[in-house]
Amino acid sequence: MNKLTKSKNNAVIFGVLGGVGEYFNIDPVLLRVIVVVATFAGVGITVPIYLLMALVMPDGNQTSQSGDKPRSSSPFGQYNEKPKRKEAEKVEEEDWSDF
């Protein structure tokens, strides 16, 4: 039987709802929508429960697909990574004549 752990592959903030979705075989996006709607509908207990679960739940194992680069250990996942910049080409002096 699977253990309830934070998701490393489907994490937006801490991976709590991704882990719950993987454990119960439910789409994590649906769980996120339910939590957001419940929070704004006045059931403010969802925020402390989420934070408590983020502290208590153990980290899950990351399963990477072939060809994927490993993600950073940031709780924000891929959104925290900066793209690499291209190197500029050196311009020769005679190339500036068109300007």
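From a predicted model like this one, the values you see are computed outputs, not experimental measurements.
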Do you know which two heavy atoms are closest between [X] and [Y], and how far apart they sit?
X	Y	result
Gly18	Pro28	CA-CB, 3.9 Å
Leu4	Pro58	O-CD, 3.8 Å
Ala11	Gly15	CB-CA, 3.6 Å

Treating Ile, Leu, Val, Met, Phe, Trp and Tyr as nodes and any side-chain heavy-atom pair under 4.5 angstrom as an edge, say whether [X] and [Y] lie in one connected cluster.
X	Y	result
Leu30	Phe24	yes
Leu52	Val35	no
Ile45	Met57	yes
Leu31	Val37	no
Ile34	Val29	no

- For the side chain of Lys6 and the backbone of Phe14, is there at least one donor-acceptor N/O pair under 3.5 Å apart? no
- Tell me who clusters with Val36, hydrophobic residues only, linked when side chains sit under 4.5 Å apart either directly or through other members. Phe40
- Query: If you draw a 6.0 Å radius around CG in Asn25, do more than 12 non-hydrogen atoms from other residues or ligands fall strictly inside?
  - Reply: no
Heavy-atom side-chain proximity of [X] to [Y] below 4.5 angstrom:
X	Y	answer
Ile13	Tyr50	yes
Thr5	Asp59	no
Met53	Val20	yes

